[in-house]
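First the structure, in the form of structure tokens, and then the observations on it.
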Amino acid sequence: MKMLITGGAGFIGSHLCDKYVGEGHNVICLDNFMSGNLNNVRHLLDYRNFKLIKGDIRDVELLDKLMRGVDVVFHLAAQVHVDRSYVEPKLTYEVNVMGTQNILEMARIHDVKRIIYASSSEVYGSAQYVPIDEKHPLNAPHPYGASKIAADRMCNAYIQTYGLDIAILRLFNTFGPRQRDIGYGGVVSIFTRRVLSNIPPIIYGDGLQTRDFTYIEDMVRAFDLVLKYDKPLQEPINFGSGKEISILDLANMIIKICGKEGVLKPVHVEPRIGEVKRLIANSTKAKELLGWQVSCDFYEELKKFIAWYKNYGFEPRITL
Ligand SMILES: NC(=O)c1ccc[n+]([C@@H]2O[C@H](COP(=O)([O-])OP(=O)(O)OC[C@H]3O[C@@H](n4cnc5c(N)ncnc54)[C@H](O)[C@@H]3O)[C@@H](O)[C@H]2O)c1
């Protein structure tokens, strides 16, 4: 198959590049390196079935060229940082919403067989009930979440209007190697970097806000099951562990694994405006349709991640 992976030099996208280059597919990785890292895909550059393109999903002409003959698009490119979306809502909208619309339109024109879109649990906002299933209201309080709702619903519109084969994956927090804190990284990498640097983790508010964490291996398996599903999915599907972990517990676990108990304690600051209070997935649909559920143990994977971070997490980010 010929595949286009947008955001392929990022955390999740680069793991998909690894998997499908390894399986012998022809993979085009498109990334503008807004948050991507050349180190994530450098090892693939010598493979004949891998092509890295520095470019932007806002560039329709480029997409028109790249989409020719493509069978499957994995669309992950996004302005992913919630904090940045507060200060740059327009950029977030242009990349996440208009960029997604460009992808959908070019995929339609070029008869792409399947589009697999990385939506987010952030579309739900704070849980009105738990665990959150796909029918939960979409109520994101911040520009990042709002942009993911708009893109998620635009996918739905392309399904309804043009009959495109689109799978909408609502990922809950994902962590693992290649997730670095570069100022805005995921909470696991932010805390890990601080604790390994002997700086206390900062918690907004009481730390009782909760998230649902999935290890990258399980998430790659989710994408792969969706790719191989024998008919169009055409609806959003949650992918999360169903386990609720508070940010305070997470900080303390990281302190413990790093051997800094009694040395470092989380520092509490004012709560963040619009921060989501609870996120826990109901992934029954993923289990019933695809046989997917989390198989990795959170604490064990956290230990592995911290070991990885010690070796590679502090490498400077390299762009093309
Ligand atoms: N990691 C998570 O916990 C999580 C949870 C829910 C949803 N998601 C979604 O999964 C996707 C991947 O997230 P990630 O964690 O790997 O983040 P990431 O920042 O590592 O990856 C995003 C990639 O997109 C690239 N990009 C940004 N703007 C672009 C543009 N205009 N054109 C081309 N490339 C562009 C970035 O350079 C980066 O490599 C995102 O769509 C994100 O919203 C991630």
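Counting convention: from 1, in listed order, for ligands and their atoms alike. Side-chain atoms are counted along with the backbone in the values below, which use heavy atoms only and exclude waters and symmetry mates. Here the structure is a predicted model, which means the values were calculated and not measured.
Every heavy atom of Ser14 sits 4.0 Å or more from the atoms of ligand 1. In this structure, Tyr144 counts as a contact residue of ligand 1, since one of its heavy atoms falls inside 4.0 Å of the ligand. Taking a 4.0 Å cut-off on heavy atoms, Ala9 registers as neighbouring ligand 1. For Thr6, the heavy-atom gap to ligand 1 stays at 4.0 angstrom or more. In this structure, His75 falls outside the shell of residues with a heavy atom less than 4.0 angstrom from ligand 1.
On a distance-only criterion, Leu76 and ligand 1 share at least one N/O pair closer than 3.5 Å. Inclusion of Gly10 in the set of residues having an N or O under 3.5 Å from an N or O of ligand 1 is warranted. Polar contact check, Gln79 against ligand 1: no nitrogen or oxygen pair lies under 3.5 Å apart. Of the N or O atoms in Leu30, none lie within a sub-3.5 Å distance of an N or O in ligand 1. Any N or O atom pair closer than 3.5 Å counts here, and Gly13 shares no such pair with ligand 1. Considering backbone and side-chain atoms alike, Asp31 places an N or O below 3.5 Å from some N or O of ligand 1. Ligand 1 has no nitrogen or oxygen under 3.5 angstrom from a nitrogen or oxygen of His81.
Using modelled atom types and a 3.5 Å distance limit, the side chains of Tyr20 and Asn49 yield no donor-acceptor pair. Judged purely by distance below 3.5 Å, without hydrogens or angles, the side chains of Arg170 and Tyr124 pair a donor atom with an acceptor atom. Inspection of the His15 and Asn40 side chains reveals no N or O donor paired with an N or O acceptor under 3.5 Å. If you check the side chains of Ser295 and Asp218, you find a donor sitting under 3.5 Å from an acceptor.
Only the side chain of Val80 comes within 4.0 Å of ligand 1, judged by heavy-atom distances. When non-hydrogen atoms are compared, ligand 1 lies under 4.0 Å from the backbone of Phe11 as well as from its side chain. Neither the backbone nor the side chain of Arg178 has a heavy atom within less than 4.0 Å of ligand 1.
In this structure, atom 30 (C) of ligand 1 lies nearest to the protein heavy atom Asn32 ND2, 3.2 Å. Scanning the protein for heavy atoms near atom 16 (O) of ligand 1, the closest one is Ile12 N, 2.9 Å. Ranking the protein heavy atoms by distance from atom 27 (C) of ligand 1 puts Ala78 O, 3.2 Å first. At the top of the distance list for atom 6 (C) of ligand 1, counting protein heavy atoms only, stands Leu171 O, 3.2 Å. The protein non-hydrogen atom at the shortest distance from atom 31 (N) of ligand 1 is Asp56 OD1, 2.8 Å. Closest to atom 32 (N) of ligand 1 among all protein heavy atoms lies Ile57 N, 3.0 Å. The protein non-hydrogen atom at the shortest distance from atom 38 (C) of ligand 1 is Ser35 OG, 3.3 Å. Closest protein heavy atom to atom 2 (C) of ligand 1: Thr174 N, 3.7 Å.
Taking a cutoff of 4.0 Å between a charged side-chain nitrogen and a carboxylate oxygen, Lys285 and Asp133 do not qualify as a salt bridge. Classification of Lys90 and Glu94 as a salt-bridged pair holds, one side-chain N sitting under 4.0 Å from a carboxylate O. Salt bridge present: Glu244 and Arg278 bring a charged side-chain N and a carboxylate O closer than 4.0 Å.
Side-chain atoms of Tyr144 and Ser120, non-hydrogen and from C-beta on, do get closer than 4.5 Å to each other. The side-chain heavy atoms of Tyr158 and Gln101, taken from C-beta on, include a pair separated by under 4.5 Å. Proximity of Phe305 to Ile257: side-chain heavy atoms (C-beta onward) are nowhere separated by under 4.5 Å. Looking at heavy atoms from C-beta onward, Met67 lies in side-chain contact with Val73 at the 4.5 angstrom threshold.
Atom numbering of ligand 1 starts at 1 in the shown order; those under 4.0 Å from a heavy atom of Asn173 are 3 (O). If you number the atoms of ligand 1 from 1 as listed, the ones under 4.0 Å from a heavy atom of Phe33 come out as 37 (O). The distance from ligand 1 to the heavy atoms of Ser120 drops below 4.0 Å at these ligand atoms: 6 (C), 7 (C). Applying the 4.0 Å criterion to heavy atoms of Gly55 picks out, from ligand 1, the atoms 32 (N), 33 (C). Close contacts of ligand 1 with Lys148, meaning ligand atoms under 4.0 Å from a residue heavy atom, involve 40 (C), 41 (O), 42 (C), 43 (O). Near Gly36, meaning under 4.0 Å from one of its heavy atoms, ligand 1 places the atoms 36 (C), 37 (O), 38 (C), 39 (O). Remark: ligand 1 atoms within the under-4.0 Å shell around heavy atoms of Ser119 are 6 (C), 7 (C).
Among Arg178, His43, Lys19, Arg42, the one residue that satisfies the side chain to side chain donor-acceptor pair (under 3.5 Å) test with Ser14 is Arg178. Checking Lys113, Lys2, Arg114 one by one against Asp71, the salt bridge (Lys or Arg N to Asp or Glu O under 4.0 Å) holds for a single residue, Lys113. Phe172 pairs in a side chain to side chain contact (heavy atoms under 4.5 Å, CB included) with only one of the listed residues (Ser121, Ser241, Ser283, Pro131), which is Ser121.
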Checklist entry - Should His268 and Leu248 be marked as a side-chain contact (heavy atoms from CB on, under 4.5 Å) after you check the CA-CA gap, both sets of side-chain angles, and the distance that decides it? => result CA-CA 10 Å; His268 293 262; Leu248 183 59; 4.0 Å; yes

Item to check | ring-ring contact (aromatic ring centres under 6.0 Å, His included) evaluation trace for Phe74 with Tyr117 | outcome: CA-CA 6 Å; Phe74 290 90; Tyr117 171 61; over 10 Å; no

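Of all the heavy atoms in Ile254 and Val188, the pair that sits closest is CD1-O, 3.9 Å.
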